[in-house]
2 protein chains.
Amino acid sequence: MTGTSPDFPARLRAAGLRPTRQRVALARLLFEGGHRHVTAEGLHVEVKATRMPVSLATVYNALNQFRDAGLLREVVVAPGRSYFDTNTGHHHHFFVEPDGELHDFPSDKVTIAGLPAPPKGTRLARVDVIVRVRR
Amino acid sequence: MTGTSPDFPARLRAAGLRPTRQRVALARLLFEGGHRHVTAEGLHVEVKATRMPVSLATVYNALNQFRDAGLLREVVVAPGRSYFDTNTGHHHHFFVEPDGELHDFPSDKVTIAGLPAPPKGTRLARVDVIVRVRR
DNA sequence: GCAGTATTTAGAATTGTTCTAAACTCCTTG
DNA sequence: CAAGGAGTTTAGAACAATTCTAAATACTGC
Ligand SMILES: [Mn+2]
Ligand SMILES: [Mn+2]
Ligand SMILES: [Zn+2]
Ligand SMILES: [Zn+2]
């Protein structure tokens, strides 16, 4: 068994978001099944293929809200292209150029030693490691 | 003495680029003085303040050509914002949100251990470490 | 200097994303 | 189980960053 089927309306409510039909449809695409890296455009294409199509503006709204609520994380790898990542745990990325594919790798085995202290008046928010590889 | 004054036309020729007035003006702004992180818009504002103003299209062309020639490196930190970095040596970045400032730090002291092997059919191009900090 | 190619330019076009304001829907309350 | 109101969705306009177009101009080798 993969466990209890996820109750998306409840998960959205828990995140402080009304479980509208559009948001539930998007949450289903994003969160049932394994982790994903999606672009707004890509998710819009997917949801349009559904019985419940959603406008592009709503896809952007939802992705930004999900990110702000901590349900997604945003990964910036290339100019003019934002990926939204359903894996919000600690991990890093391979970025395959020029295809633009993103692959996760766990951060448990990765050690980063010798980082300097944050500049005065700032505190650490996150360390992003992007390993760029080519075909 | 800081050494011989840099001969920008020669450096551009060495990079396979004709030393046009525009490219020389931009190279001067970029490469005399210490390392810099510039945006296209920012560099355009700077060069407009010069006796030799340059169109925005040419600024973009030159930045892309300089990058392709290895004179600059491009750093992507936030969606919709590309920085061009005159420091092409190994180093990493602090990114101060929400200001958008980029600061270098040397990679000599930083050790990254335990990186997994690149996905099949790819080889490593570069490892970017971006330390995100907040005020 | 001339020819010929590379470069520059203004402005249009493209791309990714956000905004606007009107229509709609979820949810609480009576 | 109706309102009624706040929150949400939507089409389309607007915006911001970047690239493209095609005509004018500037390097370079001869
Ligand atoms: Mn955003
Ligand atoms: Mn580019
Ligand atoms: Zn990821
Ligand atoms: Zn740098």
Side-chain angles (χ1 to χ4, degrees), chain A residues 7-27 29 37-48 50-69 71-72 74-84 98 100 102, chain B residues 7-27 29 37-48 50-69 71-72 74-84 98 100 102:
Chain A
D7 181 351
F8 291 113
R11 279 179 66 177
L12 290 171
R13 248 182 248 104
L17 297 166
R18 282 200 189 170
T20 63
R21 284 184 247 154
Q22 292 86 341
R23 296 210 269 230
V24 171
L26 293 171
L29 289 172
H37 301 108
V38 304
T39 60
E41 267 300 345
L43 186 61
H44 186 226
V45 168
E46 276 185 62
V47 80
K48 271 194 298 192
T50 278
R51 224 40 133 301
M52 163 88 240
V54 173
S55 78
L56 181 57
T58 296
V59 172
Y60 274 105
N61 289 342
L63 287 172
N64 287 331
Q65 291 152 352
F66 289 6
R67 178 205 52 218
D68 294 347
L71 267 32
L72 291 176
E74 192 168 3
V75 185
V76 184
V77 278
R81 176 152 264 196
S82 239
Y83 286 87
F84 289 87
L102 257 195
Chain B
D7 179 352
F8 290 112
R11 279 179 67 176
L12 289 170
R13 249 183 248 104
L17 297 166
R18 282 196 188 173
T20 63
R21 284 184 249 156
Q22 291 87 341
R23 296 210 270 230
V24 171
L26 293 171
L29 289 172
H37 301 111
V38 304
T39 61
E41 267 300 345
L43 186 61
H44 186 226
V45 167
E46 275 185 62
V47 79
K48 270 194 299 193
T50 277
R51 224 40 132 300
M52 163 88 240
V54 173
S55 78
L56 182 57
T58 295
V59 172
Y60 273 105
N61 288 343
L63 286 173
N64 287 330
Q65 292 152 351
F66 290 7
R67 178 205 53 217
D68 293 347
L71 267 34
L72 292 176
E74 191 168 3
V75 185
V76 184
V77 279
R81 175 151 267 196
S82 239
Y83 285 88
F84 289 87
L102 256 196

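Only a predicted model underlies this, so the values are computations on that prediction, with no experimental measurement involved.
Look at CG on A:L56: it is 15 Å from P on D:dA13, rounded to the nearest Å. Spacing between atom CG of B:L12 and atom C1' of C:dT7 amounts to 13 Å, rounded to whole angstrom units. In this structure, B:H44 atom NE2 and C:dG11 atom P are separated by 13 Å, rounded to whole Å. Put simply, CD on A:Q65 is 13 Å from C1' on C:dT18, counting in whole angstrom units. We find that CG of A:L17 is positioned 15 Å from C1' of D:dA6, with the value rounded to whole Å.
Side-chain contact of A:E74 with A:S82: a donor-acceptor pair under 3.5 Å is present, judged by distance alone.
Listed pair A:R21 / C:dC26 meets the phosphate criterion, a side-chain N or O lying under 4.0 Å from OP1 or OP2.
Using a 4.0 Å heavy-atom distance criterion, A:T58 is classed as a base contact. If you check every strand for non-hydrogen atoms under 4.0 Å, A:T39 touches nothing.
Heavy atoms only, all atoms of each residue included: B:P79 and A:V76 are closest at CD-CG2, 3.5 Å.
Comparing A:E41 and A:A57 by the nucleotide of DNA chain C that holds the closest heavy atom to each, the one mapping nearer the 5' end is A:E41. Map B:V59 and B:R18 each onto its nearest nucleotide of DNA chain C; the residue landing nearer the 5' end is B:R18. Where B:G80 and B:P19 each meet DNA chain D at their nearest nucleotide, the meeting point lying more 5' is that of B:G80.
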